[in-house]
Amino acid sequence: MAALSRVRWLTRALVAAPNPGAWRSLCTSTVAQASSRTQGEDVRVEGAFPVTMLPGDGVGPELMHAVKEVFKAASVPVEFQEHHLSEVQNMASEEKLEQVLSSMKENKVAIIGKIHTPMEYKGELASYDMRLRRKLDLFANVVHVKSLPGYKTRHNNLDLVIIREQTEGEYSSLEHESARGVIECLKIVTRTKSQRIAKFAFDYATKKGRGKVTAVHKANIMKLGDGLFLQCCEEVAELYPKIKFEKMIIDNCCMQLVQNPYQFDVLVMPNLYGNIIDNLAAGLVGGAGVVPGESYSAEYAVFETGARHPFAQAVGRNIANPTAMLLSASNMLRHLNLEHHSNMIAEAVKKVIKVGKNL
């Protein structure tokens, strides 16, 4: 009952503010009035922000339920438009994919759970999750790995950001059998997309007041592919003289993250390396259930967990940790310029963890 207890504790904390003045400082007058009218009914706030919700597989629907309960308790002016897309629940088709894409393109903002990708080859190499990201051109995945007071881990006070290019590289879905028993799997690296993700990383570092960007690569072995990625990072780095630039081979980066993660600030890397490093870094601060993530294109923003796991074995057992999804939801509210609601939820989550009663 730990997960449900945490959400209930959190919602009680949100609806029972210590004093009216404090509550009004966190909410707009319209939302505060709606909250005072009722705590039990789902009040639709006029002028609410429309957001596409895609629960995904595994514990995704349970985590989204936690988000909706907390948003309801905090009277957040967001209206979720829920869609379902799943390859393992027979809820995936071209029609459903187009419906999801249409909603995301209209709303510009979405919150999604993990869409599980089966290992079996059924005639289509690209999963629905990958196709969704490509069609929206969600090229930049951002995972902010930060220690949460209350969780005991080997390393404390960590604060680093992993930026991953996620539209090409090893995830290009270009595989074929060139001869019997011989499979060729193509890794695609382009100058345009390498420059774009490098610029995104340096712009992010500049905007967030961070001082260093580390490019992670394997150019000593993949001299042309990763060599091009590294060259693009070096070229972009010259345009940002105030940001320190370093480069590190991926295998050494894994070891350094475990031994001394404090040396890192912002890391930028190709697709597969980013997937691995996201999960490794999440383990440093408590696991997949506590690290939020987000993906961006030039037009759209999608909020999700930082380490993407369906955690199917936990379905219905009420043990899935909602922290990562709640923090992602808080980040989404900040993106929508709902700063008060974003801070209210993030601080409530951190308070629950710090108190340590419902972990």
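Starting from 1, each residue takes its place in the sequence as its number. All heavy atoms count here, side chains included; hydrogens, waters and symmetry mates do not. On a predicted model such as this, the values are computed, not experimentally measured, just so you know.
The list of salt bridge (charged side-chain N to carboxylate O under 4.0 Å, His left out) pairs with a residue in residues 167-180, not counting sequence neighbours, reads Glu170-Lys187. Within the structure, the salt bridge (charged side-chain N to carboxylate O under 4.0 Å, His left out) test picks out the following pairs touching residues 274-300 (sequence neighbours left out): Lys108-Glu299.
Other cluster members for Tyr128: Leu54, Leu85, Leu97, Val100, Leu101, Met104, Ile112, Ile115, Leu132, Leu136, Leu138, Tyr300, Val302, joined by side-chain heavy-atom distances under 4.5 Å among Ile, Leu, Val, Met, Phe, Trp and Tyr. The other members of the hydrophobic cluster of Leu174, by chain and number, are Leu186, Ile188 (side-chain heavy atoms under 4.5 Å, ILVMFWY only). Through ILVMFWY side-chain contacts below 4.5 Å, Val182 is grouped with nothing and stands alone.
In this structure, His341 has its ring center at least 6.0 angstrom away from the ring center of Phe71.
In terms of the ring-ring contact (aromatic ring centres under 6.0 Å, His included) criterion, Tyr204 has no residue partners (sequence neighbours excluded). Under the side chain to side chain contact (heavy atoms under 4.5 Å, CB included) criterion, Ala205 pairs with Arg210, Val213, Ile243, Val266, sequence neighbours left out. With sequence neighbours left out, Tyr240 forms a ring-ring contact (aromatic ring centres under 6.0 Å, His included) with Phe202. In this structure Tyr171 satisfies the ring-ring contact (aromatic ring centres under 6.0 Å, His included) test with no other residue, sequence neighbours excluded. For the ring-ring contact (aromatic ring centres under 6.0 Å, His included) test, no residue two or more places apart in sequence or in another chain qualifies with Tyr273. Applying the side-chain hydrogen bond (donor to acceptor under 3.5 Å, both in side chains) criterion to Ser295, with sequence neighbours excluded, gives Arg133, Asn141, Gln166, Glu304. The side chain to side chain contact (heavy atoms under 4.5 Å, CB included) check on Cys232 picks up Arg191, Ser194, Gln195, Leu228, with sequence neighbours excluded.
Contact between Ala324 and Thr305 at its shortest, heavy atoms only, is CB-CG2, 3.8 Å.
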